[in-house]
J.: 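Quick one: the structure is below, and I'll ask about it shortly.
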Amino acid sequence: MKNTRIVFMGTPEFSVPALEALAKEPGFDVLLAVTQPDRPKGRGKKLSPSAVKQAALNLGIEVFQPEKINTPEAIALISGLEPDYFVVVAFGQILSRQMLDTPKTYPINIHASLLPKYRGAAPIQAAVLNMDEQTGVTTMVMAEKMDAGDMLLMETTPVDPQETASMLHDRLSQMGAQLIIKTIHGIEQGKITPVPQDHSKATYVSMLKKSDGRINWQGSNKAVCAHINAMTPWPGAFTELCGKRLKIFKAVPSSLSIPASVLPGTLVCCDDKGLFVAAGNGVVQVLELMGSSGKRLDAASFLCGNKIDLPAQFK
């Protein structure tokens, strides 16, 4: 029986579990891993391969790194492989109509949200930021319009209020890997047919910027903690105290009661249990943070090296 022929396209760490699952699945043949060119990284700006390139080489899969995916040369190379499917996971380039028409069956995308909710670049962070009770992963047939293709399979998962975007990223990455295997087998067995999205319910989330990490203390204590979780690991939640930037990694809503007249952002108490900061509604207990030392510290360790006169104001 002929193997299912797959061209994989992806770049970051999120894409790797899906590539590994496809490569290990009996009856699947990953012909090529397409990923972004090596990019400068770190202080030395040394060229570094993508996570997908590293994984593909470890799996013995040929790698293709076009600067532009839709050139006649790239289309000729990939179409010449006669793939049955594309599997695309956070690749980082838009595919032309000609490229999308290349696979014999479908070009399939794995998207980290319950479509049509959170189309776009930051669906994981959006789910945490908006305190959603659940999120998930969707496989869909790719269309020219971003994340607007017909859906194939969807799987949901609860979101824990203490879960960071980093933690959710890792879970959804593994879910996506399992879902793409189920999706392709379901298509091959005639059990899955594409279902159009309800475009009237579509929401969009754009790529995060460094400035998005600034904490707005005017929100509720739950909203502030959700923002901190959503910005972890990147761009990182930050605030300022006495003109110096502090990066906050972990915080929880506190039951501490304070007068309603206390302004949001006011540091009302600090001890070895945390830094207690007034929000627009309630109090935030900061547990882990980083100051000018450049080290991530728990509150007690931070206070050992940083004297704070109360009341102090976070901005």
Side-chain angles (χ1 to χ4, degrees), residues 3-10 14-15 17-19 21-22 25 27-28 30 34 69-70 78-79 82-130 132-159 168-169 171-207:
N3 280 357
T4 299
R5 299 168 64 82
I6 298 166
V7 168
F8 185 88
M9 298 184 184
F14 184 84
S15 315
L19 173 61
L22 291 164
E25 184 67 11
F28 288 4
V30 181
V34 186
I69 188 62
N70 298 312
I78 292 171
S79 64
E82 299 184 346
D84 297 303
Y85 297 91
F86 286 169
V87 173
V88 183
V89 193
F91 173 47
Q93 295 189 41
I94 303 295
L95 305 190
S96 67
R97 181 73 262 167
Q98 188 178 2
M99 183 62 84
L100 291 173
D101 288 340
T102 297
K104 295 177 182 177
T105 307
Y106 296 129
I108 301 175
N109 178 245
I110 302 173
H111 188 72
S113 81
L114 303 175
L115 289 171
K117 192 174 187 179
Y118 302 148
R119 295 177 183 177
I124 297 172
Q125 293 88 342
V128 177
L129 183 65
N130 294 327
D132 291 354
E133 293 184 358
Q134 68 173 16
T135 186
V137 180
T138 307
T139 51
M140 63 176 165
V141 179
M142 295 182 71
E144 287 181 274
K145 190 174 180 181
M146 183 176 62
D147 301 331
D150 293 352
M151 297 180 294
L152 296 164
L153 276 184
M154 182 180 290
E155 187 168 336
T156 63
T157 184
V159 182
L168 185 57
H169 167 284
R171 286 206 300 116
L172 294 182
S173 178
Q174 294 295 334
M175 284 177 59
Q178 297 168 16
L179 195 63
I180 190 61
I181 301 298
K182 292 180 186 177
T183 298
I184 294 177
H185 280 310
I187 295 167
E188 296 288 287
Q189 294 162 9
K191 296 178 179 179
I192 297 175
T193 53
V195 177
Q197 296 185 42
D198 184 346
H199 301 296
S200 68
K201 295 182 179 179
T203 58
Y204 294 85
V205 285
S206 57
M207 189 174 295

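Atoms considered below: every heavy atom in the structure, side chains included; atoms not considered: hydrogens, waters and symmetry mates.
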J.: Going through the distances and angles, do Thr157 and Thr135 end up as a side chain to side chain contact (heavy atoms under 4.5 Å, CB included)?
T.: CA-CA 6 Å; Thr157 184; Thr135 186; 4.2 Å; yes
J.: Check whether any side-chain heavy atom of Thr105 sits under 4.5 Å from a side-chain heavy atom of Pro103, and report yes or no.
T.: no
J.: Roughly how far apart are Lys182 NZ and Ile187 CD1, rounded to 0.5 Å?
T.: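 Between Lys182 NZ and Ile187 CD1, I get 14.0 Å after rounding to 0.5 Å.
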J.: What do you reckon, is NZ of Lys191 surrounded by more than 12 foreign heavy atoms closer than 6.0 Å?
T.: no
J.: Nearest 0.5 Å, what's the CG-OH distance between Leu152 and Tyr106?
T.: 6.5 Å
J.: Please name the pair of heavy atoms, one in Met140 and one in Gly149, separated by the smallest distance, quoted to 0.1 Å.
T.: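 Scanning both residues, the minimum pair turns out to be SD-N, 3.9 Å.
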J.: Looking at Thr139 and Ile180, would you say the former's side chain and the latter's main chain have a donor-acceptor pair under 3.5 Å?
T.: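 No; judged by distance alone, with no hydrogens or angles, the pair does not exist.
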J.: Looking at every heavy atom in both Asp198 and Ser200, which two are closest together, and how far apart are they?
T.: OD1-OG, 2.5 Å
J.: Please answer whether the main-chain N or O of Lys117 pairs with a side-chain N or O of Thr203 as donor and acceptor at a distance below 3.5 Å.
T.: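 Checked: no pair found.
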J.: Please check: side-chain N/O of Ser15 versus main-chain N/O of Val89, any donor-acceptor pairing under 3.5 Å?
T.: yes
J.: Supply the atom-to-atom distance Thr4 OG1 to Leu22 CG, rounded to the nearest 0.5 angstrom.
T.: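 Spacing of OG1 (Thr4) from CG (Leu22) equals 10.5 Å.
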J.: Would the number of heavy atoms belonging to other residues, nucleotides or ligands and lying under 6.0 Å from CD of Gln98 be above 12?
T.: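 No, not enclosed.
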J.: State, yes or no, whether a side-chain contact exists between Arg119 and His199 at a heavy-atom distance under 4.5 Å.
T.: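 When only atoms from C-beta onward are counted, His199 and Arg119 do touch, with a gap below 4.5 Å.
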J.: How long is the span from the CD1 atom in Ile94 to the CD1 atom in Ile69, to the nearest 0.5 Å?
T.: 12.0 Å
J.: Measure from the side-chain N and O atoms of His111 to the backbone N and O of Tyr118, and report whether any donor-acceptor pair falls under 3.5 Å.
T.: yes
J.: Is there side-chain contact between Ile108 and Val141, with heavy atoms separated by less than 4.5 Å?
T.: no
J.: Looking only at heavy atoms, which two atoms of Glu25 and His185 are closest? And how far apart?
T.: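 In this case the closest contact between Glu25 and His185 is OE2-NE2, 2.8 Å.
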J.: Would you name the heavy atoms of Ala121 and Ser206 that are closest together and state the gap between them?
T.: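 Answer, listing the atom of Ala121 first, then Ser206: CB-C, 4.2 Å.
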J.: Evaluate the side chain to side chain contact (heavy atoms under 4.5 Å, CB included) criterion for residues Met9 and Leu95: first the C-alpha distance (whole Å), next the side-chain angles of each, then the deciding distance (0.1 Å), finally the verdict.
T.: CA-CA 10 Å; Met9 298 184 184; Leu95 305 190; 3.9 Å; yes
J.: Would you confirm whether Asp84, through its side chain, and Arg5, through its main-chain N or O, come within 3.5 Å as a donor-acceptor pair?
T.: yes
J.: So, for Ala21 and Ile181, which heavy atoms are closest and what is the spacing to 0.1 Å?
T.: O-CD1, 3.7 Å
J.: Where do Phe86 and Ile78 land on the side chain to side chain contact (heavy atoms under 4.5 Å, CB included) test, with the steps shown first?
T.: CA-CA 10 Å; Phe86 286 169; Ile78 292 171; 3.5 Å; yes
J.: Let me confirm one number: the CG-CE distance from Leu114 to Met154, rounded to the nearest 0.5 Å.
T.: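 Nearest 0.5 Å value for the CG-CE distance: 5.5 Å.
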J.: Could you check whether any side-chain N or O of Asp147 sits under 3.5 Å from a backbone N or O of Gly120, counting only pairs where one atom can act as donor and the other as acceptor?
T.: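 It does hold such a pair.
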J.: Considering all heavy atoms of both residues, which atom of Pro83 and which atom of Val7 are nearest to each other, and what is their separation?
T.: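 Where Pro83 meets Val7 most closely, the heavy atoms are CB-CG2, 3.8 Å.
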J.: How many angstroms lie between atom CG of Asp150 and atom CD of Gln197, to the nearest 0.5 angstrom?
T.: 7.5 Å
J.: List the steps and the verdict of side chain to side chain contact (heavy atoms under 4.5 Å, CB included) for Leu129 and Val205.
T.: CA-CA 11 Å; Leu129 183 65; Val205 285; over 6 Å; no
J.: Just checking Gln189: does its CD atom have more than 12 heavy atoms from other residues, nucleotides or ligands closer to it than 6.0 angstrom?
T.: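 It does: Gln189 CD has more than 12 such atoms within range.
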